[in-house]
Amino acid sequence: MEYKHNKIEKKWQKIWRKKRIYQPDLENAEKPFYNLMMFPYPSAKGLHVGNMYAFTGSDIYGRFKRMQGYDVFEPIGLDGFGIHSENYALKINKHPLKLAKKTEKYFYSQLQATGNGYAWENTLETYDPDYYKWTQWLFIQMFKNGLAYRQKSAVNWCPSCKTVLADEQVISGKCERCGTEVVVKELEQWFFRITKYAERLLNNLDEINWSEKVKIAQRNWIGRSEGVNIEYEVVGQKEKIVCFTTRPETNFGATFVVLSPFHPLVLKITKDNYRKQVVEYIEGVKKRKVSPEETADNKEKTGVFTGSYCLNKLNGKKMPIWVSDFVLDNVGTGAVVGVPAHDKRDFEFAQKFNLEVIRVIVSEDGDDSAITSIDKVYEGHGKIINSEFLNGLNSREAKEKITEFLEEREWGKREVIYKLRDWCISRQRYWGPPIPMIKCPKCGWVPVPEEELPVKLPYLKDYRPIGTGESPLDKAEKWLKVNCPVCGAPARRETDVSDTFLDSSWYFLRYPSIKFKDKPFDKRITKKWLPVNMYIGGAEHSVLHLMYARFITMVLFDLGYIDFEEPFTNFYAHGLIISQGAKMSKNKGNVVIPDEYIKKYGADALRMYLMFLGPFDQGGDFNPTGIIGIKRFLNRVFRLSLNLKVNLHQQTTKNLERALHRTIKKVTEDIENKKYNTAIACLIEFANLWEKEESISLEDGKRFIKLLAPFAPHLSEEIWEILGGEFSIHQQPWPEYDPALVKQTEFTIIIQINGKLRDKLIVSQDVSEEEVKNMALNRPKVKKWLENKEIKKVVFVPNKLINFVV
RNA sequence: GCCGGGGUGGAGGAAUGGUAGACUCGAGGGACUUAAAAUCCCUUGGAUUAAUAAUCCGUGCGGGUUCGAGUCCCGCCCCCGGCACCA
């Protein structure tokens with residue numbers, strides 16, 4: 001018999017919502033548990049099974065916590081602003097505002113249909129003025145506290161999206177959104193000073209319970225390195241060039257200095273007869289695209305000599321000063337000292353331009369011969385040679401010694417640098433919150449007074465990006481003309497909008513405080529519910545969203561708005577569902593939407609099937625053939641429950657009772673560890689045994705249904721009702737197991753001979769080694785194998801195995 | 001190149017250093033049925049074999065540690081994800 005999933009699921013979704021069982025009392029909850037799923041940026045095509053996979057995994061955890069007695073708050077919303085949505089609007093030629101409304105409706109109805117236990121009264125959308133009012137407020141706080149600044153800089157520009165991209169949005173030289181090659185463009189932009197928080201963002205990682213994988217990704221992104229800024233005098237001039245190096249101990253092997261083409265001293269120190277070539281080289285670099293091939297290792301080095309030399313005071317050596325684009329303007333000091341023997345890039349450069357190579361480190365192999373090819377370049381540590389007072393030292397000790405030496409003479413200074421760059425906030429697009437700033441010809445940049453927020457995004461019929469570096473809002477003449485809030489003079493609004501990542505950097509603070517219209521978040525409510533207890537989301541956000549959210553949280557802490565520095569106590573990265581071996585994308589046409597499967601098999605079956613696919617942190621390839629297995633299981637449970645209802649006076653067999661308690665233990669532990677696939681396997685195993693043993697008591701039957709509840713919320717609620725349980729199963733206490741019943745009473749002892757399985761024994765608990773040995777030696781199979789052999793050793797593991805070594 | 005994560009039957013996947021392949025799909029066979037669907041039962045890593053007897057081989061490859069290795073160590077190969085001239 002099959003249960004009618006469509007009917008049952010709709011019925012309970014309606015009742016749950018009406019009875020508000022997933023709506024915690026935000027003011028008075030006693031055991032608050034904030035269970036948060038990263039909110040989606042909706043594609044207009046709606047939710048695909050990849051989204052549903054992630055949401056289901058989060059929902060199971062939330063339901064489990066609820067049954068464990070927590071007041072679980074599980075909100076949902078839409079990250080609807082941004083290039084993603086806007087590009088789609090452009091493509092189908094529909095205004096993003098209208099599109100958003102449509103998307104919103106569809107998305108929420110899909111989410112409803114999955115049966116997740118969301119707090120539907122606390123939804124938010126980033127394009128809602130009620131929300132972005134506070135995103136703008138946040139910007140103003142940043143500005144007021146010196147954390148937002150404007151700067152002209154070479155930025156990543158996507159010629160197709162016609163906007164600036166953050167470093168994080170450039171993937172191997174291509175635009176994250178559309179895959180177009182990114183070019184460099186000089187524009188004046190708003191930046192957030194995230195680099196000021198680099199050290200804290202790094203150190204705090206030790207305090208939070210995130211997977212090591214994500215922490216490592218963040219550490220690498222922050223990219224802290226310790227080194228020395230060494231000052232080199234330019235021979236015959238008063239200029240000094242400062243080079244940052246993490247390997248000062250190799251400085252006796254330095255043979256040249258290279259400046260970035262954008263280094264401020266380039267033209268100053270260039271000799272007249274070299275000027276023409278240097279200028280030409282720099283112009284050439286400016287025009288070039290940042291294509292993936294060129295940024296990669298295999299790119300051939302280019303460069304030009306300036307005619308000048310630096311003095312290495314350590315050994316009095318004159319080092320030629322070159323200019324090359326392999327030295328990046330924004331790393332370290334924009335100038336590098338070349339040690340070709342111990343740096344592959346330096347070696348390539350030296351080789352190309354015939355510069356001297358001096359070995360100063362010998363590796364463990366003891367080879368101290370000259371370095372003549374790229375594969376002889378040694379970048380590791382070892383014994384120092386050719387370096388006067390450093391000779392014989394290990395390079396690690398030498399680094400400390402030379403650093404002190406340089407500092408004493410004021411030739412150099414310890415320095416820590418980071419890979420992390422300030423966060424470029426400006427986007428020359430339409431579909432985002434207008435940056436709430438006004439430019440006054442007299443007062444300069446002035447924030448919009450907070451009481452005038454939100455600065456509403458005007459309705460623009462033509463919202464297409466212009467591509468000149470100006471935002472489409474530049475055309476909203478009426479809107480952009482304002483009077484300066486300070487002096488009253490005619491002024492102009494900032495016409496750029498802010499980055500989508502700003503919208504999502506603080507949304508978790510808004511959810512519990514959604515009803516407050518006069519503040520971004522209520523202090524008391526925030527204290528009660530935050531930081532987020534369990535945050536589940538995609539690993540692809542390891543360095544983007546998660547870093548920004550941490551940064552904004554730290555800033556709000558520093559400004560006294562909140563009393564915690566880290567927004568997410570636990571973060572768990574779920575895996576990715578792929579389809580036909582590839583990431584789901586519209587281009588590939590392999591996007592699977594859940595609707596048809598929900599219709600055919602039910603949300604419960606699809607939920608469980610997705611979770612059964614494999615470990616939650618690993619994702620998997622969606623192949624719908626297996627879903628039938630879960631459907632069969634659910635039907636079986638339904639059937640067994642109806643039988644139980646007909647005959648309520650059954651007794652649980654001893655065998656089944658033990659299995660039940662083992663199942664409770666296993667499922668409890670597995671959900672806690674998000675090992676949903678094995679939890680489900682265990683539930684199936686139990687149902688199979690139940691069917692075999694036939695007899696179970698009502699109480700035990702109900703216990704089992706509770707275990708099923710987080711996975712199949714609708715069916716378990718239906719069965720719960722049939723079995724006379726009190727509404728709702730999702731508010732019942734999670735079952736406990738009896739440790740005595742979990743304990744095994746019979747053990748299979750493996751008999752091994754030389755580690756190979758030869759026979760098995762079934763014994764009761766804690767049989768002594770002597771007894772097991774005697775039993776084993778009496779087995780015919782064992783006798784056969786031990787014939788004419790001398791037992792040299794016996795390994796005995798109680799309740800597990802005995803191994804005879806012969 | 002660097003940093004993560006992987007590699008186990010026909011497929012998805014299980015296995016605190018101790019019976020490799022739980023559970024599910026698929027496949028084969030059977031029961032029920034006029035028939036089909038649904039359901040249930042049996043078989044299902046490979047080889048030798050009449051055999052559900054027995055033995056051998058099997059967790060990407062090559063070594064090692066151990067009474068015992070899918071699991072630990074060393075050296076490789078391949079796949080996926082992220083970063084990428086970061087000094």
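What you see below is based on every heavy atom in this structure, not just the backbone, and it leaves out hydrogens, waters and symmetry mates. So that the names make sense, note that chain A is the first sequence line, chain B the second, and so on, each numbered from 1.
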Can you find a side chain N or O atom of A:W221 that sits less than 4.0 Å from OP1 or OP2 on B:rA84? no
For B:rA37 and A:R632 - does any side-chain N or O of the residue sit under 4.0 Å from the phosphate oxygens OP1/OP2? no
So, is B:rG4 syn or anti if syn means the angle is within 90° of 0? anti
Look at the side-chain N and O atoms of A:K756 and state whether any lies under 4.0 Å from the OP1 or OP2 oxygen of B:rC57. yes
For B:rC40 and B:rU33, measure between their C1' atoms and round to the nearest Å. 13 Å
Please confirm whether the shortest side-chain N or O distance from A:R639 to OP1 or OP2 of B:rC40 is below 4.0 Å. yes
Examine the side chains of A:Y737 and A:T668 and answer whether a donor and an acceptor come within less than 3.5 Å of each other. no
N or O in side chain of A:K793 less than 4.0 angstrom from B:rC67 OP1/OP2: yes
Between B:rA35 and B:rA47, how far apart are the two P atoms, rounded to whole Å? 36 Å
Do A:R414 and A:N229 get their side chains close enough for a donor-acceptor pair, meaning under 3.5 Å? no
Do the side-chain N or O atoms of A:N677 get closer than 4.0 angstrom to the phosphate oxygens (OP1, OP2) of B:rA14? yes
With rounding to whole Å, what would you report as the distance between B:rG70 and B:rC57 at their C1' atoms? 16 Å
Within 45° of the six-membered ring axis of A:Y3 and under 6.0 Å from that ring's centre, is NZ or CZ of A:K631 located there? yes
Could you tell me how far B:rC42 sits from B:rG58 if I compare only their P atoms? Round to whole Å. 31 Å
